[in-house]
> 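Please find one structure pasted underneath; my questions will follow.
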Amino acid sequence: MIHLLVDPFSLGFMRRALAGCLALAIAGPPLGVFLVLRRMSLMSDVLQHGILPGIAVGALVGGLSVYAMGLGGVLAGIAVALLAGALSRATGAREDSQLAGVYLLALASGVALLSARPGIDLAHLLFGSVLAVDDPALYLMAGVATLVLPALALIWRPLVLESFDPDFLRAEAGSGAAIHAAFLALVVLVVVSGFTALGTLMSVGLMMLPAIAARHWGETLAAQVASAVAIAVLSVLIGLLLSYHADLPAGPAIVLTTGTFWAIGLLAGPRFSLRQRLRASTAGMPRLRAGRD
Amino acid sequence: MIALDDLTCAHGAHPAIRHLTGRFAPGSLTAIVGPNGAGKTTLLRAIAGLHGETTGTITRGGRIAFLPQASTLERAFPLSCADVVAMGAYAASRLFGPAADRNRIAQALATVGLSGYATRLVGTLSGGQFQRLLFARLMLQDAPILLLDEPFANLDTSTTADLMRLLHQWHHAGRTVIAVLHDTVLVEREFPQALLLARDLIAWGSTDTTLTDANLCRARDHAAAWAAGTPPLRDAA
């Protein structure tokens, strides 16, 4: 039994994938919790597709270098997020419709660009491969996590203020737009840094699913962030083992594990779960303190 | 003190307030009243520095604490009552300064009648309790000028009376208090000064000379003319 758990990590590429994904599991979920609470979950969808054309251009210009593709991904991610916001402000259209439009185009152009460059496995790029985590990819993931956590700590107070009461922050400290932009930049960095191991489509999963599941486990903001990180770390460990033993791509294996934690929370978690609802209804009591999130 | 000189605020191509000139005296307690769409909230936001499209000048004689309409806040955000009150100290503590003093938070919560609520999540509060909480946050802001946007909207009479008592205390302590209100009966009873607005200034001064039947009628007609797309000439005001 212990061999099943430990032996895979005697392989170098598995250790690199583990270290890289753990870095993402610590850096990503706190951002995911804010995305969920700020009603910006759709933005994560947009970014996972939006970075693809940048990665493609990076690959066309710089070859299969993680840094070239990563830089392209970051630029494309920021451009997509800004473009959708600007379109909705300029035309008065709803931002979610503009986001949906922009990311579909980004995905299509990304795939079109990649098809022009033979030798790139699209499935690996979209869904990840632990084998792809070479040293540069590991440094990228660890470096981004090292940058993102202190940066999030730095903007934590104004970010909470901007999420809860944007007018208050503007009145007390001038514009909140800089905080919003800094937050989005951190999200883009995390999404891009995970694409080698988890794939562009799945790296968002390690950020969002633990955050969505955390609602069933934690009451306060701090508790939700802590439980999201715990779920992500466990999912990385279990997911990578699944990936190794069942020969699955790492991204889907990790994301499916996270989904299992979500399902457990939905059914039996301490908050907003089926179990809690059943208990309340059998006690004949209205669900007090149901909250509204 | 707050002085306005030829203040005009726009929403895109549409003027929300035109050519407003006058001053709120230091330590005054003023209600801004007027029909829907009269520019009351826009005026308050402009004074707070939250409205971008303004011309003319606003002179502010001190730090401002702004209370937004409660409906603009994200009440589902999982914060405790103590967290929200502590926000009042943000201007002093900023990113990494020491957090607000626990005793001051407890004291502010007690003053607004929320003793023992420090660890309660804001999402579990009633509308009245939530507004009390925002008043506790104002206490920590400790600013000489207070701007309140519809502070008594959707509140019962006892909560309104409690919070009104706080406003009077702050007024007597020498603070300048300006509130946007709909209830003219409340304004006539509690506010010494009033500003009647219908995009143009209708009247501004002591409440009994401002909220006369004639002025209120004129404000209504004025707003109706704006709504009908026939903006009254400035001289008519």
Side-chain angles (χ1 to χ4, degrees), chain A residues 30 33-40 89-92 150-179 182 211 214-228 271-272 286-293, chain B residues 12 41 44-52 60 63-84 86-100 119-126 130 133-134 137-138 140-141 143 145-149:
Chain A
V33 169
F34 275 99
L35 282 171
V36 170
L37 291 174
R38 289 165 67 88
R39 301 170 197 259
M40 289 170 61
R89 274 193 302 278
T91 65
L152 182 62
L154 186 71
I155 64 168
W156 183 275
R157 281 182 186 171
L159 185 61
V160 168
L161 273 177
E162 219 258 332
S163 311
F164 175 69
D165 186 353
D167 280 341
F168 180 83
L169 179 69
R170 281 184 62 200
E172 290 288 298
S175 171
I179 296 300
R215 176 171 176 264
H216 299 288
W217 300 99
E219 191 171 45
T220 62
L221 179 61
Q224 287 194 17
V225 167
S227 36
R271 297 181 74 231
F272 308 119
R287 287 205 311 136
L288 292 174
R289 304 187 58 178
R292 303 185 306 156
D293 51 334
Chain B
T41 292
L44 204 68
R45 294 175 66 84
I47 296 171
L50 295 174
H51 191 85
R60 305 171 182 88
R63 212 157 50 77
I64 285 178
F66 175 68
L67 179 79
Q69 283 180 28
S71 59
T72 64
L73 277 67
E74 177 62 88
R75 287 176 59 182
F77 205 86
L79 293 172
S80 70
C81 291
D83 289 337
V84 173
M87 287 175 184
Y90 180 72
S93 61
R94 293 283 162 157
L95 299 180
F96 275 124
T119 57
R120 272 277 289 271
L121 287 187
V122 288
T124 67
L125 298 182
S126 72
F130 188 65
L133 181 66
L134 294 182
R137 184 176 74 178
L138 275 179
L140 257 77
Q141 285 179 267
I145 301 169
L146 302 173
L147 307 178
L148 304 97
D149 195 357

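Since this is a predicted model, take the numbers as computed values, not measurements. Naming: A, B, ... by sequence-line order, numbering from 1 per chain.
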> Tell me whether R137(B) contacts the main-chain N or O of A86(B) through its side chain, where contact means a donor paired with an acceptor under 3.5 Å.
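No; judged by distance alone, with no hydrogens or angles, the pair does not exist.
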> With a 4.5 angstrom heavy-atom cut-off, could you sort out which part of I64(B) is near chain A: side chain, backbone, both or neither?
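Backbone only.
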> Relative to chain A, which of D83(B), L67(B), L73(B), T72(B) shows the most heavy atom pairs under 4.5 Å?
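Heavy-atom pair counts peak at L73(B).
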> Determine yes or no for a side-chain-to-main-chain donor-acceptor pair under 3.5 angstrom, with R75(B) supplying the side chain and L125(B) the backbone.
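Confirmed, R75(B) side chain pairs with L125(B) backbone.
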> Please identify, among A222(A), A223(A), G218(A), A171(A), the residue contributing the most non-hydrogen atom pairs under 4.5 Å to chain B.
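Looking at each option in turn, the highest pair count goes to A171(A).
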> How are the rings of F34(A) and F77(B) set relative to one another: parallel (under 30°), tilted (30 to 60°) or perpendicular (over 60°)?
tilted
> Any donor-acceptor pair under 3.5 Å linking the side-chain atoms of E219(A) with those of Q224(A)?
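Q224(A) vs E219(A): no donor-acceptor pair found between side chains.
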